[in-house]
Amino acid sequence: MSTVLVVDDDPISRDFMRTLLGYRGHQAYEAADGDTALALARRRLPDAVITDVMMPNLDGYELARMLRSQPATSHIPIAFSTAHYGQDEIEPMARACGVRDVIFKPAQPGMVLATIDALLGSVAGAGDAISEAGFGPQPEPPVDDLPARWHRFAEGLAERLAETHRLTRSGTWDLDPDAGMIVLSTGLSDLLRLPSTSVRLEQLRQHVHPEDLAKLVALSEDTRRAGEPRIAEVRIADLDGVVHELIVSCRTDTQSRQPGESAPIVWGVAQDVTEIRRAQRNNLNVQGRWLAERRAVDSFHQAVLPRKLPTVAGVGLGAIYLAAPERLDIGNGWCDVQQIAGGRVLLSVGEVAGHDQPAVAVTSSVLAALRAYAFEDPDPARLLTRLNRLLTGTFEGDMFVTAVVAVYDPDTECLCVANAGHPLPLVVVPGSDGDPKAVPLQRRGPALGIFADAEFTRQHLTMPPGSVLCAYTDGVIDCHDGPMAAGARRLPYAVTKVFSEVAADQVEQPPDAQDLAERIVVEMLGGNSPDDDVCVAVLWTSA
């Protein structure tokens, strides 16, 4: 039985690996980050290590480097597991720090078991190491040829390390405090456009950003004093004056100290992340502009919609507007309730479509015109006719508007509705058997803003006490888990279900239409964010 150290910040991944190791008869012990794993490995040497690459604190790459750098753990076979890197990205990094195998998540159990068997099948023989490094199986050579094979093996690792540095824009550096010299790898020297790979420390300090110089000095001193690796991010100008942002790691090499040297050699790796940081800053700027524009659109649209619904005897009113969180083209929907002459209620729900005009600007114009026309003539069909003439004569391009306009008279219990290309509103009527029935109003005319001579018809019906009119935009039925047609079929069942629940909760109270509207939205969205603006308006009659 072998002992395997499993390192992963994801508990599910650790459980998965522990199960497979147990299936093979091996024992696993676990760590959630590289620092903990390193401490465990020092106390109890594992036969192999399987580590995730991206983890908090000490990541898998640095963990492998540190295990390889210590004599007690340098022989332990290591495998990476990763869900973030592709094969071309991770394999050069793995080979550069002596990692034998890579498990790509999500992995099939059979593939993981094969990797575990290969990892534990033969531990750290010289011939196996050379074969795993990529030189292929070879017959056992004479003893005299072993130095040549090790030389080829070292050349192969050096080539892979150089390719890793090239792809990651990185390189190594060594600092000799006694000599006051810093030796850079060729790639790092070329990156900073230095004339030589050996530079006096004072000469290099002149190119460090003044704000980062103290950070760099402290990095070296802390590493020498504590003996633990340190990382900092600094800015260094090359000889052409171009500023490079570098992530610099720093560690000590006590084993290479020569007799008479007063301090250990300090070495590390530097990676140029200038382009990465520039992209991050650009992304933050884009996000900032997006959020500023989104706040402006939200504020403008909220100012257009009614802040408070009117109070009308014999009628409960509710309205809800919910904007799609990840979109800028919001403000294309509205729901509006106004009290007009004779104690009647004017309810409208609509949506702007098209790309030539900012949706929120068209919405405000349409809603203002609709309210103005209603004071002169609140007839729903004639309102839509006048609004259509305004849109066809004012706006150009592919813009059009869909809308439902309804007028309800509490005295006569009469509802008059006209529809211009909008999703069919529902009327919910309490059934004689106690079960409510949701009936869609089927009459629908053309959308507004397309045909100048379009005509619209009105539909009259009686709404007895306890009835509900529910008008909405298609953001309610545009569900995440299916097509819009499925959402339209599901809506009547959702509305009657919520209607029964609210009615049961408020037996001895006036109907709470606002609660009904909010519950309809929750029931239809199922806890998800909407893909489009959601508007729902509810009119609930009472005795």
Side-chain angles (χ1 to χ4, degrees), residues 298 301-302 304-306 309 316-327 329-337 347-354 359-360 363 366-367 400-406 415 417-429 436-444 447-448 467-503 511-540:
D298 274 333
H301 190 249
Q302 292 293 343
V304 170
L305 299 179
L309 300 182
L317 300 172
I320 183 170
Y321 167 77
L322 189 62
E326 301 299 330
R327 296 175 57 170
D329 56 337
I330 60 171
N332 59 337
W334 83 83
C335 49
D336 188 40
V337 182
L347 180 149
S348 68
V349 175
E351 193 166 17
V352 177
V360 68
T363 301
V366 170
L367 193 53
F400 65 92
V401 176
T402 66
V404 167
V405 178
L415 178 71
V417 182
N419 190 335
H422 200 72
L424 301 175
L426 298 175
V427 171
V428 181
V429 181
K437 304 293 188 298
V439 181
L441 302 181
Q442 296 292 343
R443 295 184 186 177
R444 179 162 53 184
L448 306 171
S467 304
V468 168
L469 170 68
C470 176
Y472 53 92
T473 59
D474 57 15
V476 176
I477 57 177
D478 187 9
C479 303
H480 293 259
D481 56 353
M484 190 176 296
R489 290 192 296 269
R490 190 164 67 91
L491 181 63
Y493 298 99
V495 172
T496 53
K497 172 178 177 291
V498 172
F499 174 85
S500 298
E501 293 173 352
V502 176
D512 190 342
Q514 184 63 35
D515 186 26
L516 179 62
E518 292 174 359
R519 290 202 199 186
I520 290 172
V521 172
V522 171
E523 179 71 21
M524 289 299 295
L525 294 183
N528 296 312
S529 300
D531 291 331
D532 196 1
D533 285 5
V534 169
C535 298
V536 173
V538 167
L539 186 151
W540 195 343

Atom pair [atom1]/[atom2] of [X] and [Y] - distance to nearest 0.5 Å:
X: Leu426; Y: Leu469; atom1: CG; atom2: CG; answer: 8.5 Å
X: Arg519; Y: Lys497; atom1: CZ; atom2: NZ; answer: 9.0 Å
X: Trp334; Y: Cys535; atom1: CH2; atom2: SG; answer: 9.0 Å

Gln514 side chain vs Leu317 backbone, donor-acceptor pair below 3.5 Å: no
Donor-acceptor pair, side chain of Arg444 and main chain of His422, under 3.5 angstrom: yes
Hey, does [Y] have a side-chain heavy atom less than 4.5 Å from the side chain of [X]?
X: Met524; Y: Leu491; result: yes
X: Pro425; Y: Asn419; result: yes
X: Val439; Y: Val429; result: no
X: Ile320; Y: Cys335; result: no
X: Tyr321; Y: Asp533; result: yes
X: Trp540; Y: Val502; result: yes
X: Leu441; Y: Leu424; result: no
X: Thr473; Y: Asp532; result: no

If you look at every heavy atom in [X] and [Y], which pair is closest and at what distance?
X: Pro530; Y: Ala323; value: CG-O, 3.9 Å
X: Ala517; Y: Gly318; value: CB-C, 4.4 Å
X: Gly333; Y: Thr363; value: O-CG2, 4.1 Å
X: Ile477; Y: Ala488; value: CB-N, 3.8 Å
X: Pro423; Y: Val404; value: O-CG2, 4.1 Å
X: Leu525; Y: Gly475; value: CD2-O, 4.3 Å

Candidates Leu516, Leu539, Val476, Val536 - the one meeting side-chain contact (heavy atoms from CB on, under 4.5 Å) with Cys470: Val536
